[in-house]
2 protein chains.
Amino acid sequence: MAEVTLRDVARASGCSVATVSRVLAGTRPVGAETARTVREAAERLGYRPNQVARALRSRSTGTVGLVLPQITNPFFPALVRELEHALHAEGRAVLLADCDDDPVTEAARIGAFLDRQVDALLVIPVEERASRNAVASAVARVPLVLLDRGCGPGVADSVAVDNAAGMALVLEHLAAMGRRRPWFVGAAGTASAAVERRAAYEAGAGVFGPEAPRRRELGDFSVEWGRAAVDRIWPSRPDAVVCANDLIAVGALQRLRQLGADVPGEVVVTGFDDIPLAGLADPALTTVRQPVAELAAEAAWLLGRQPTGGGPGSRRTVRLAPELVVRASTGAGVAAK
Amino acid sequence: MAEVTLRDVARASGCSVATVSRVLAGTRPVGAETARTVREAAERLGYRPNQVARALRSRSTGTVGLVLPQITNPFFPALVRELEHALHAEGRAVLLADCDDDPVTEAARIGAFLDRQVDALLVIPVEERASRNAVASAVARVPLVLLDRGCGPGVADSVAVDNAAGMALVLEHLAAMGRRRPWFVGAAGTASAAVERRAAYEAGAGVFGPEAPRRRELGDFSVEWGRAAVDRIWPSRPDAVVCANDLIAVGALQRLRQLGADVPGEVVVTGFDDIPLAGLADPALTTVRQPVAELAAEAAWLLGRQPTGGGPGSRRTVRLAPELVVRASTGAGVAAK
DNA sequence: ACACGCGGTGATAACGTTTGCCGCCAATTC
DNA sequence: GAATTGGCGGCAAACGTTATCACCGCGTGT
């Protein structure tokens with residue numbers, strides 16, 4: 001009932017440890033008859049290879065560390081799920097670290113994972129600047145890919161949604177619906193999603209007139225901020241509120257309804273990410289869906305094909321195309337009402 | 001730049017590997033002067049102990065496997081967060097497995113974790129019956145505690161919220177608000193949360209009259225079911241809809257509003273769990289808050305104090321008290337309106 | 001016939017730690 | 001002054017695997 005080791009199987013099948021290892025790992029050709037005997041003995045004894053010993057010898061743990069800012073951020077669970085599945089499909093296990101949105105904790109967790117000899121790291125950095133050092137030093141030791149958020153240019157490979165394209169989809173949709181006075185509610189700070197989305201708004205809002213790009217309020221990525229922002233912009237009567245993510249949009253929606261505004265008649269609202277909450281809001285939120293499964297698959301793939309501690313020469317940046325999901329908050333089904 | 005090992009530190013500090021190991025691990029008294037030299041050398045070379053080697057030798061990986069049905073279930077992220085923090089505080093890393101609500105996957109993941117020599121397992125079982133075998137066989141090899149859901153009596157230690165007490169709080173609240181015709185919308189199936197909550201409703205609804213315990217509809221734990229259930233029960237005009245979890249309640253709330261019902265005036269709605277969504281619903285949902293942090297702390301503690309592969313003698317079952325969170329869906333602040 | 005190659009196998013040395021055991025030297029005890 | 005501690009430190013054996021090397025026998029090419 002204790003631990004069955006290679007030795008035990010070897011003894012039971014009358015051959016050497018080396019041979020047993022070889023037949024079980026299929027690492028080198030071995031006699032058909034011997035193979036059968038060995039496999040049978042292994043089966044009979046219920047042999048399970050000790051992954052720790054295997055890892056020590058082969059210098060590969062079959063483990064990747066997943067480091068993220070806050071698992072409670074509703075965008076992440078779906079991503080984590082897809083990553084877990086993608087990695088498990090390759091036989092790799094996932095070590096999880098929740099950083100509590102703190103760069104110091106993040107650095108500590110990355111270090112701990114390195115000590116545990118993870119084969120690779122998947123990092124969703126907490127911050128653009130504050131995370132850079134930890135990421136940069138980790139990148140020298142294992143394959144690492146950045147997810148969802150960047151960390152400065154040339155630091156590591158990264159895969160994320162094309163925020164600019166997503167925002168462009170939103171603006172295009174608004175223009176097509178005849179909206180004229182959009183207002184942007186975004187997030188301050190240096191996180192790449194925040195920066196890219198507000199830059200894209202500024203770049204694309206010109207079609208609504210020269211003043212449009214300047215109509216923006218910056219706070220953080222929270223429901224509370226969405227509510228507060230509406231209080232500040234509502235007096236100037238926008239006919240569209242473009243939010244930098246779904247949480248902000250949900251807050252905006254709530255406050256607008258409290259103020260008696262007609263959504264989507266008088267003013268429409270859009271989000272970004274398409275978290276589960278978006279479809280549940282009332283009215284359901286028009287938003288930009290991130291291709292979560294593809295993001296995960298791409299990240300996992302990149303991780304595999306990356307030289308350990310590769311030089312700074314060839315950083316890849318993958319940007320995946322998002323998709324506009326039109327729901328009631330911009331008038332879908334309004335005609336039928 | 002490569003791997004700095006104990007040997008290197010030993011060479012650099014002019015003493016043996018054994019001594020270095022001892023000063024770094026503090027496992028045995030060692031000369032003050034030697035200790036200083038060694039520590040200095042270790043620091044200078046940037047020595048980091050190889051956890052894999054350590055694990056192989058000491059037969060402890062400092063790793064626990066966390067196995068859950070679906071990370072995308074909005075109740076879990078908060079729990080995962082607390083567990084990760086609690087375990088990390090003890091220096092243990094967390095391997096994560098998402099089972100996609102499938103008992104077969106669950107068994108596979110548990111097996112994989114065992115092969116990886118996890119020190120312990122934390123399992124939120126997918127199903128009461130289907131998960132039993134995998135859990136029972138794992139329990140023989142490592143400390144294991146069941147979380148949130150049970151898995152049959154005597155299989156393993158478990159910690160969960162006191163569902164009966166939570167439901168009692170709800171019924172008490174409804175009675176105090178003068179409600180007379182409650183209706184229960186729950187989940188069929190054998191998951192312990194489903195069973196216990198509906199049993200508690202049946203047991204406690206007697207105060208609303210002899211018919212009350214029988215006024216129930218059973219489906220699953222989803223928003224869609226919440227919507228559908230309302231369509232079935234609304235014709236008989238309940239003045240309270242008691243839901244088995246927040247997702248159901250959110251669906252019910254949506255449908256009731258679509259049907260033009262006045263919530264909370266005409267009919268009140270309650271949920272269970274207090275997921276983030278609950279506070280965001282409109283009207284905000286009265287619900288039963290699970291003590292997530294305490295659940296996690298208790299589970300982590302139990303895990304530590306459990307003999308490896310302990311006999312079936314002494315299974316502990318911890319039930320933590322929930323808390324009623326009263327919000328607008330049962331009329332909080334209504335008087336002020 | 002001889003050398004050569006090659007499929008199949010066994011010993012054995014790693015991988016980087018922890019730890020049991022033994023020996024050394026100084027300090028204490030009779 | 002010799003014997004007995006007891007604190008410190010080194011040697012070497014594990015932990016369970018994989019990888020390297022050598023070996024053995026047999027078929028093949030010249």
Side-chain angles (χ1 to χ4, degrees), chain A residues 1-39 41-42 45-63 91 112 114-119 141 308, chain B residues 1-39 41-42 45-63 91 112 114-119 141 308:
Chain A
M1 200 58 226
E3 226 32 39
V4 179
T5 78
L6 270 190
R7 284 183 59 121
D8 301 323
V9 178
R11 246 195 300 269
S13 65
C15 61
S16 77
V17 236
T19 306
V20 177
S21 169
R22 287 197 271 255
V23 30
L24 262 28
T27 181
R28 256 184 36 180
V30 75
E33 179 62 14
T34 325
R36 211 186 45 75
T37 321
V38 167
R39 248 184 282 270
L45 299 182
Y47 169 74
R48 313 255 48 191
N50 181 325
Q51 300 294 340
V52 173
R54 200 200 277 276
L56 177 59
R57 178 60 228 228
S58 60
R59 327 191 67 65
S60 156
T61 52
T63 284
L114 254 19
D115 287 353
R116 284 182 186 280
Q117 313 288 120
V118 292
D119 285 352
R141 320 206 359 95
T308 302
Chain B
M1 198 59 224
E3 227 31 38
V4 178
T5 79
L6 269 191
R7 284 182 59 121
D8 301 323
V9 179
R11 245 195 300 267
S13 65
C15 62
S16 78
V17 232
T19 306
V20 178
S21 168
R22 288 197 270 253
V23 29
L24 262 28
T27 181
R28 247 185 39 182
V30 73
E33 179 61 15
T34 325
R36 210 184 48 74
T37 321
V38 166
R39 248 184 282 272
L45 299 182
Y47 170 74
R48 314 255 48 193
N50 182 326
Q51 300 293 341
V52 173
R54 200 201 278 277
L56 176 59
R57 175 61 225 229
S58 58
R59 325 194 68 66
S60 156
T61 52
T63 285
L114 254 21
D115 286 352
R116 283 182 187 281
Q117 313 286 119
V118 291
D119 285 352
R141 320 207 358 95
T308 303

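Residue numbering restarts at 1 for every chain, and letters A, B, ... go by the order of the sequence lines.
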First of A/A32 and A/A18 reached from the 5' end of DNA chain C, by closest nucleotide
A/A32
Protein-nucleotide distance (A/L56, atom CG; C/dA13, atom P), rounded to Å:
17 Å
Does B/R54 put a side-chain nitrogen or oxygen below 4.0 Å from OP1 or OP2 of C/dT18?
yes
When the distance from CZ of B/R22 to P of D/dA12 is rounded to whole Å, what number comes out?
14 Å
Can you tell me if the side-chain N/O atoms of A/T5 get under 4.0 Å from OP1 or OP2 in D/dC15?
no
From the list C/dT18, C/dG16, C/dC15, which nucleotide is the closest neighbour of the side chain of B/S21?
C/dT18
Can you tell me how far C1' of D/dC11 sits from CZ of B/R7, to the nearest Å?
13 Å
Give the rounded distance in Å between these two atoms: CD of B/E3 and P of C/dG16.
7 Å
Any side-chain N or O of A/S16 below 4.0 angstrom from OP1/OP2 of C/dG10?
yes
Are any of A/T19's side-chain N or O atoms less than 4.0 Å away from OP1 or OP2 of C/dT9?
no
Closest non-hydrogen atom pair between B/V52 and A/L56, with its separation
CG1-N, 3.6 Å
Any idea which of C/dT17, C/dT9, D/dG16 is nearest the A/N50 side chain?
D/dG16
May I ask you to verify if any side-chain N or O of B/S58 is less than 4.0 angstrom from the OP1 or OP2 atom of D/dC15?
no
Starting at atom CD of B/Q117, determine the distance to atom C1' of D/dG16, rounded to an integer number of angstrom.
9 Å
Do you know which two heavy atoms are closest between B/T5 and B/Y47, and how far apart they sit?
C-CE1, 3.7 Å
Is a donor-acceptor contact shorter than 3.5 angstrom present between the side chain of B/R28 and the base of D/dG9?
yes
Give me the atom names and distance for the closest heavy-atom approach of B/S16 to B/A10.
C-CB, 3.8 Å
Length of the CD-P vector between A/Q51 and D/dC15, whole Å:
19 Å
Can you check the A/L6 CG to C/dA13 C1' distance for me, whole Å?
16 Å
Donor-acceptor pair (no angle test) under 3.5 Å: B/R57 side chain, C/dT17 base:
no
Would you check if B/T34 and B/V23 make a side-chain contact, meaning some heavy-atom pair closer than 4.5 Å?
no
Within the 4.5 Å heavy-atom criterion, are B/R116 and B/T61 side-chain neighbours or not?
no
Spacing of A/L24 atom CG relative to D/dG16 atom C1', expressed in whole Å:
13 Å
Is there a side-chain contact between B/R59 and the phosphate of C/dT17, meaning an N or O under 4.0 Å from OP1 or OP2?
no
